[in-house]
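A quick write-up on the structure given underneath.
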Number of protein chains: 2
Amino acid sequence: MEQKIIDLLKRSSLSITDSRKKILESFFQENSALAHADIEDYVGEDFDRVTIYRTLQTFVDKGIIHTIPTPDNAVLYALCKDSCSAGHHHDNHVHFICDNCNKTFCLEHVVVPTVHMPVGFAASQIDMVVSGICNYCNATT
Amino acid sequence: MEQKIIDLLKRSSLSITDSRKKILESFFQENSALAHADIEDYVGEDFDRVTIYRTLQTFVDKGIIHTIPTPDNAVLYALCKDSCSAGHHHDNHVHFICDNCNKTFCLEHVVVPTVHMPVGFAASQIDMVVSGICNYCNATT
DNA sequence: AACATTTTGCAACATAGTTGCAATAGTGTA
DNA sequence: TACACTATTGCAACTATGTTGCAAAATGTT
């Protein structure tokens with residue numbers, strides 16, 4: 001894990017710092033998308049709030065994570081797949097929010113469908129967020 | 001307009017107050033979705049910030065307006081069509097955000113497509129937000 | 001190890017949204 | 001129209017979230 005994280009940082013030409021390692025670790029540890037507050041909880045008192053904001057912004061810029069829009073307007077972040085590179089995200093998959101456990105997942109294999117736009121409208125990006133019950137909650141209740 | 005607004009409030013069994021009239025007016029006046037700040041600008045100094053928050057919440061509860069999730073996580077509100085009733089929204093249409101003029105529109109006639117969920121996931125609500133260039137901006141540039 | 005460059009922490013600030021409570025305005029009834 | 005009852009509003013205070021400038025500390029390079 002430690003090595004995987006260091007490799008990822010090097011590949012993105014970022015210097016290896018404690019906060020970056022810890023924050024990336026939180027994403028690999030949890031398998032769902034994380035809110036800023038989740039990360040703050042995970043890293044504990046080790047790092048300043050501001051550092052987390054800046055680190056997340058850096059990761060987004062470098063294509064390591066992407067943001068997810070949610071209906072309740074909380075900012076969520078999730079790891080990008082390897083195909084993402086700096087400034088060129090490929091996160092055209094559907095995001096799923098579980099109403100039960102409240103976790104958010106990337107449905108990597110569910111591609112956002114195209115829709116037919118009215119005359120005059122030109123689409124450049126499409127976000128799709130589905131909410132409901134996730135597979136884990138469905139299996140255990 | 002005044003009468004249309006009063007009728008709408010009565011139909012929702014809400015008392016007719018100055019702030020409710022003024023805030024509804026802002027939605028009928030502008031044809032796009034509005035952020036809290038837009039409404040604050042529109043009503044000026046007439047009403048307290050808190051009143052606007054509470055009024056918007058009331059309108060959402062009564063099915064007069066609905067919220068729109070946006071990729072940059074600003075809360076937007078737009079008028080519901082008549083088919084919406086209290087606690088039972090039918091806003092299953094696509095929302096469009098113009099990257100040029102920054103306005104958000106309800107594409108009432110573009111229905112959110114269904115997508116095939118992975119095994120174990122049950123979808124209950126789908127939000128779709130498209131960004132690009134709107135018909136007005138495409139026509140004038 | 002020494003230096004230049006990044007990154008971090010702190011303080012201060014800005015914006016967004018919430019809550020309790022007293023004052024005010026709106027509604028139905030006589 | 002006046003009254004009383006209820007709903008709504010404004011104020012103050014508070015929490016949460018996010019940003020910026022600058023000095024101190026850590027990182028990468030030689």
Side-chain angles (χ1 to χ4, degrees), chain A residues 2-3 5-26 33-62 64-65 67-77 86 102 104, chain B residues 2-3 5-26 33-62 64-65 67-77 86 102 104:
Chain A
E2 173 84 9
Q3 196 52 49
I5 287 172
I6 291 176
D7 286 351
L8 178 51
L9 286 172
K10 280 189 180 159
R11 227 180 310 138
S12 310
S13 42
L14 290 172
S15 40
I16 319 295
T17 69
D18 288 349
S19 75
R20 283 175 182 164
K21 280 193 285 184
K22 187 84 182 185
I23 292 174
L24 267 187
E25 188 189 300
S26 70
L34 299 175
H36 180 273
D38 298 328
I39 297 163
E40 226 172 311
D41 289 348
Y42 185 89
V43 305
E45 303 287 299
D46 296 352
F47 304 103
D48 195 82
R49 238 159 39 83
V50 178
T51 300
I52 300 174
Y53 280 113
R54 287 196 271 226
T55 303
L56 289 171
Q57 189 52 55
T58 304
F59 287 172
V60 170
D61 292 344
K62 291 290 183 176
I64 297 175
I65 60 178
T67 58
I68 303 173
T70 66
D72 65 336
N73 291 95
V75 192
L76 291 177
Y77 302 88
N102 252 316
T104 296
Chain B
E2 172 86 9
Q3 196 52 48
I5 287 171
I6 291 177
D7 286 351
L8 178 51
L9 286 171
K10 279 189 179 158
R11 228 180 308 139
S12 310
S13 42
L14 290 172
S15 40
I16 320 293
T17 69
D18 289 349
S19 75
R20 284 174 183 166
K21 281 193 286 184
K22 186 83 181 184
I23 292 173
L24 268 187
E25 188 189 302
S26 70
L34 299 175
H36 180 273
D38 298 329
I39 297 162
E40 227 171 311
D41 288 348
Y42 186 89
V43 305
E45 303 287 298
D46 295 352
F47 305 103
D48 195 81
R49 237 159 42 84
V50 179
T51 300
I52 299 174
Y53 280 113
R54 287 197 271 225
T55 303
L56 289 172
Q57 190 52 56
T58 304
F59 287 171
V60 170
D61 292 344
K62 291 290 182 176
I64 297 175
I65 60 178
T67 58
I68 303 173
T70 65
D72 66 336
N73 290 95
V75 192
L76 291 177
Y77 302 89
N102 252 316
T104 297

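Residue numbers start from 1 in every chain, and the chains themselves are labelled A, B, ... in the order their sequence lines are given, proteins ahead of strands.
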Interatomic distance, CG@Asp61(A) vs CD@Gln57(A), rounded to 0.5 Å, equals 4.5 Å
Result for side-chain contact (heavy atoms from CB on, under 4.5 Å) between Tyr77(B) and one of Val60(B), Thr104(B), Leu34(B) points to Val60(B)
Please assess Leu14(A) against Ile64(A) for the test side chain to side chain contact (heavy atoms under 4.5 Å, CB included), listing each intermediate value before the final yes or no.
CA-CA 11 Å; Leu14(A) 290 172; Ile64(A) 297 175; 3.9 Å; yes
How far apart are the C-alpha atoms of Ile23(A) and Phe59(A), what are their side-chain angles, what is the distance that settles it, and do they pass the side chain to side chain contact (heavy atoms under 4.5 Å, CB included) test?
CA-CA 10 Å; Ile23(A) 292 174; Phe59(A) 287 172; 4.0 Å; yes
Round to a whole Å and report the spacing from CZ of Arg20(A) to C1' of dT7(C).
7 Å
The correct set of residues in residues 39-54 of chain B placing a heavy atom under 4.0 Å from DNA chain C is Arg49(B), Val50(B), Tyr53(B), Arg54(B)
Write down the protein N/O and nucleotide N/O pairs, taken from nucleotides 25-30 of chain D, whose separation is under 3.5 Å; answer none if there are no such pairs.
unit_1  : atom_1 : unit_2   : atom_2 : d
dG28(D) : OP1    : Ile16(A) : N      : 2.7

To the nearest 0.5 Å, what is the distance between CD1 (Ile5(B)) and CG (Leu8(B))?
8.0 Å
Value in whole Å for how far the P atom of dG26(C) lies from NZ of Lys22(B):
16 Å
Inter-residue atom distance Phe47(A).CZ - Arg20(A).CZ, 0.5 Å rounding
11.5 Å
Provide, to the nearest angstrom, the distance between the NZ atom belonging to Lys21(B) and the C1' atom belonging to dT8(D).
14 Å
Can you tell me how far C1' of dT15(C) sits from CG of Asp38(B), to the nearest Å?
15 Å
Integer-rounded Å distance: dT19(D) P and Leu56(A) CG:
11 Å
How long is the straight-line distance from NE2 of His36(A) back to CG of Asp41(A), given to the nearest 0.5 Å?
10.5 Å
Under 4.0 Å between any heavy atoms, over every strand shown, what does Ser19(B) touch: base, sugar-phosphate, or nothing? Just pick one.
sugar-phosphate
Asp18(A) vs Lys22(A), side chain to side chain contact (heavy atoms under 4.5 Å, CB included): CA-CA, chis, key distance, verdict
CA-CA 6 Å; Asp18(A) 288 349; Lys22(A) 187 84 182 185; over 6 Å; no
